[in-house]
Amino acid sequence: MHSWLIAILLFLVASGVVPPDAYADRGQIDGTLEWRYGAHDAEEDGDRVFESSWFTQQYSLIYRTKGDLARGRAGNYNLALGYEWTSLDGSMNGESTDVSTDKILYRGDVVIAPGGLPFHLRLYSHDLHRSTFTTGSASGLFESPGSEGLGAQNTVVGIYNGQQLASGFTLMVGSASGNYEGMYRNVLANAPRLLIDYRQYDVRDLQGVSPQHYRDRNLAFVSLNKKDNWFHYRVFDHKDFINANNDFVEKAYILGTIDHAMQRRWVQLTNWVKFSTDASYTTTSQLSRGQETDRRYEINLFSVARRSDWEASNFTTFRRETDGMSLQRDLVFPVYITKALDPETTLRTRFIAEREDRSLFADSEDRLLFGEDEEDIRDSTREVVFLSNRLEALQRQPWTLTGQIDAEHKSGDYGEGVSMRALAEAGTNHLYRPRFDMFGAYSVGYFGGEGIDGGNVGFWEQTLTGRLETDLNMRFRTGVTQEFLYGSGTLDRQVGYYILPKSDLGLVLSGVGVERRDGSVLRSTTTWFGEYRGSARLSSRLELTYDYLSDDQSTEDVFIASHRLRYDRRKFYTTLQNRLVLGNHRVTSGGSGAGSVLNAGSLSEAEQTFENRLFLAVYPMRAMEASLRVDHDWRRSREGDSQQYLVEQNLRYHVRSAASRRTLATLGQEFLFERLESPRAEVRSARTLTLTGELYPTIRTLLGMRLRYLYLEPEDTTTYTAYLTAGINWEKLQLAVDYSYGTRDGGDDPERKEHRWEMKARKIF
């Protein structure tokens, strides 16, 4: 029996067979009538190249009612039954479309929850999905106006209809607290808490642009065995009636402290120890593809212990997964300990043991290619043991002292060896507000073992960092940071997993690194800044960075000077940013021209860069706002010099009623200028001027206009577009008329004229 028939039966039962003590709210009838009528055509050099028209209708009627069972003591119900009819009569370039669809709209939702009993049952089945119209773009002069309040400039080409049915039931037996009253409380206290949830989604739309016909089934059987110990059996079944290769079934068995809402529960073992654990077994079958069942085991064992002067936590996870072609096993055992040795000294310890196995079973083609036997498999392993101890001392003294020792052992097929690092830090305590804020750090690290290619690895690395900052007065602050790095030997970054070398990094803004290094490397990074804080509204910061990197193969350096000025007042806001980069570097994306009518097409690398960013926002009165953005990028690369300009100016004015403070009109203006000078291509530029206006004669009516002028070089093409809209938005009636006209001439493109109009009406009762 179809689910919609079941919903109708529920509707009839609730309407006529429900006991007299079932109280219902007064039913209501909802209806909707919608019409759309429009056309879109285009001409090029006097010849018609595109022509379309459409007339759509959509009618729906639905009756709704809801009420309580036994005055709310037994539950409630929410029912609906209706009908929808949709049609499209249109044409596009001589091809006609005449489509009409209808469907039953319904909802049946009954909740049975007797008062005083730990029993809750919900039965439901509904398909209230309304049909929608699909649109297509003519790829002409009209663009989507976006946030300017005008409709999208598309053509109606089809109907997105079909069945989207959701049905199922949810049964909950038992109380969350486990405390019951009444004569059966002893029996109920020993009974498990039970949840059965079944959901089915049926989607069938074979007339749309992208046909769909599939079914999803979800079953969750969850029971509470003892207190916080839950057992889950969950099934997800996806059946695709169009393409059977997409069919799959996933089953999961979960046992542990995961409740019915899939939230983790913590069990308080003592007043200072709590734990949470769970184990799961999941299978995924795609038999239609001839693949073996995927199997996954997961075990989690978490524990947390807290005392007044120490805290420890452990989050152990194990995962085993196989799909017939490969086997993967992962085990992670982390322990985190924090111990307060005295009021000024804290010890933080991290211990992580990790093992990863990968087994790739060779198929027949691999055996033929590599000459392997049927039993051959390709294995890879990785084992890591990591230990870190960090001692934070003198936390209440003018000077703080920190020491840290890290050690790691890594073995396996992707590099193995020993990594160690010792770190010492000293700095002023901010609690004392020192005149000079000083910080210093020294670290020494060693990486030894065998690289990923089998070569021997032995590398020493030292880093020295110093920072000094001070306030010259209440408004000026300056500081300098110096970092030195020196390393020598043979380095392969795959030797370590948690302890990573810094000698494999490139210069600032280079965005590159090295996997292996032979010989010595020296790097020096110097940063100075000066900051002026005139007030809470004015700030200026100048920062200079020099980065130097030298190894046995080459010597590179890069210099960066950046400045940022910010001024913020109630009626005026501005920011100015400048950056100069000298030296080989990678050009960052998102510069000027981003999101504009011209594609930036910026270079990937440059030798010199000078960037300017200016933004101004002015609010001379409450009803007016204006902004100006000016971006300029100059870059020099091996191919030559390139420049990029962007000027964007916006103005918006609101006319409001003095009596009601209602907005009567909104006027807007936007100017956009762009220019690209690239050694790869000729100079390109674009100028865009847009005028907008929105008039609200009454609180329910709207008149809108947008005029746009666009000129492109070197195409020597001029485009004019005009958008007009008018609408009435009453509570149960909406009317709208849209008209668009565009023309393009000049250049190599043919002269094009294009216009589109559409009328829309929607009545609700």
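Starting from 1, each residue takes its place in the sequence as its number.
Residues Tyr198 and Asn218 bring no donor and acceptor atom of their side chains to less than 3.5 Å of each other. A donor atom on one side chain and an acceptor atom on the other are found under 3.5 Å apart for Ser131 and Glu84. Side chain to side chain, Asp357 and Thr381 fail the donor-acceptor criterion of an N or O pair below 3.5 Å. Of the N and O atoms on the side chains of Ser276 and Thr257, at least one donor lies less than 3.5 Å from an acceptor on the other residue. Between the side chains of Ser359 and Asp379, at least one donor-acceptor pair of N or O atoms lies under 3.5 Å.
Tyr124 does not carry Arg107 over the face of its six-membered ring by the limits of under 6.0 Å from the centre and within 45° of the normal. Geometrically, Arg306 does not engage Trp272 in a cation-pi contact defined by less than 6.0 Å to the ring centre and at most 45° from the axis.
Side chain of Asp30 to main chain of Ile62: no donor-acceptor pair is present (N/O by atom type, distance under 3.5 Å, no hydrogens or angles). In this structure, His126 contributes its side chain and Leu79 its backbone to no donor-acceptor pair below 3.5 Å. Judged purely by atom type and a 3.5 angstrom limit, Glu416 has no side-chain atom pairing as donor or acceptor with the backbone of Asp413. Here the side chain of Thr86 pairs no donor or acceptor atom with the backbone of Thr101 at under 3.5 angstrom. In this structure a side-chain-to-backbone donor-acceptor pair under 3.5 Å is present from Lys410 to Gly415. Looking only at distances, a side-chain donor or acceptor of Lys103 sits under 3.5 Å from a matching main-chain atom of His129. A donor-acceptor pair is defined here as one N or O able to donate and one able to accept, closer than 3.5 Å; such a pair exists between the side chain of Glu408 and the backbone of Tyr498. Asn314 contributes a side-chain N or O that, together with a main-chain N or O of Pro334, makes up a donor-acceptor pair within less than 3.5 Å. With hydrogens and angles disregarded, no donor-acceptor distance shorter than 3.5 Å links the side chain of Gln163 to the backbone of Leu165. Judged by distance alone, the side chain of Asp240 and the main-chain N or O of Ala244 form no donor-acceptor pair under 3.5 Å.
Once rounded to the nearest 0.5 Å, the distance linking CG of Leu394 with OG1 of Thr345 reads 6.5 Å. From Thr349, atom OG1 reaches atom CH2 of Trp310 across 12.5 Å, with rounding to the nearest 0.5 Å. In this structure, Leu194 CG and Phe119 CZ are separated by 10.0 Å, a value rounded to the nearest 0.5 Å. Atoms CG and CG, from Leu224 and Asp259 in turn, are 9.5 Å apart once rounded to the nearest 0.5 Å. Note that CH2 of Trp266 is 10.0 Å distant from OG1 of Thr277, once rounded to the nearest 0.5 Å. The CG atom of Asp278 sits 9.5 Å away from the CG atom of Leu301 when rounded to the nearest 0.5 Å.
For Phe221 and Tyr233, the distance between ring centers is not under 6.0 angstrom. Between Phe333 and Phe318, the ring center distance fails the sub-6.0 Å criterion.
Using a cut-off of 4.0 Å between Lys/Arg side-chain N and Asp/Glu carboxylate O, Arg421 and Asp406 are scored as not salt-bridged. Note on Glu354 versus Arg382: salt bridge recorded, some NZ/NE/NH1/NH2 to OD/OE distance being below 4.0 Å. Using a 4.0 Å cut-off between charged nitrogen and carboxylate oxygen, Arg329 and Glu356 do not count as a salt-bridge pair. Taking 4.0 Å as the cut-off between side-chain N and carboxylate O, Asp237 and Arg215 count as a salt-bridged pair. Taking a cutoff of 4.0 Å between a charged side-chain nitrogen and a carboxylate oxygen, Glu298 and Arg319 qualify as a salt bridge. The existence of a salt bridge linking Asp330 and Arg358 is confirmed by a sub-4.0 Å separation between a basic side-chain nitrogen and an acidic carboxylate oxygen. Between Arg493 and Asp504 there is a salt bridge, since at least one side-chain N of the basic residue sits less than 4.0 Å from a carboxylate O of the acidic one.
Among Thr170, Asn76, Asp109, the single residue meeting the side-chain hydrogen bond (donor to acceptor under 3.5 Å, both in side chains) criterion with Arg122 is Asp109.
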Take Asp202 and Arg204 through the test salt bridge (charged side-chain N to carboxylate O under 4.0 Å, His left out) and record every step on the way to the result.
-> CA-CA 7 Å; Asp202 293 277; Arg204 188 176 188 272; over 6 Å; no
Hey, mind stepping through Asp216 and Lys239 against salt bridge (charged side-chain N to carboxylate O under 4.0 Å, His left out) and telling me if it holds?
-> CA-CA 6 Å; Asp216 289 340; Lys239 176 69 175 178; over 6 Å; no
Verify ring pair (Phe, Tyr, Trp, His ring centres under 6.0 Å) between His238 and Tyr214, making sure each step is shown before the conclusion.
-> CA-CA 7 Å; His238 177 77; Tyr214 65 89; 5.5 Å; yes
Determine, stepwise, if the pair Gln395 / Thr346 fulfils side-chain hydrogen bond (donor to acceptor under 3.5 Å, both in side chains).
-> CA-CA 9 Å; Gln395 299 178 14; Thr346 302; 3.2 Å; yes
Derivation of the side chain to side chain contact (heavy atoms under 4.5 Å, CB included) call for Ile159 and Thr134 | CA-CA 6 Å; Ile159 300 176; Thr134 58; over 6 Å; no
Go through Arg217 and Gln200 one step at a time and tell me if the side-chain hydrogen bond (donor to acceptor under 3.5 Å, both in side chains) criterion holds.
-> CA-CA 4 Å; Arg217 288 177 175 173; Gln200 180 170 319; 3.2 Å; yes
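The aromatic rings of Trp230 and His260 lie tilted to each other, with the angle between the two planes from 30° to 60°.
Enclosure of atom NZ in Lys251 is not indicated, since only 12 or fewer non-hydrogen atoms of other residues, nucleotides or ligands lie within 6.0 angstrom. Counting heavy-atom neighbours within 6.0 Å of Leu269 CG, excluding the residue itself, gives a total above 12. Atom CD of Gln268 has more than 12 neighbouring heavy atoms from other residues, nucleotides or ligands inside a 6.0 Å radius.
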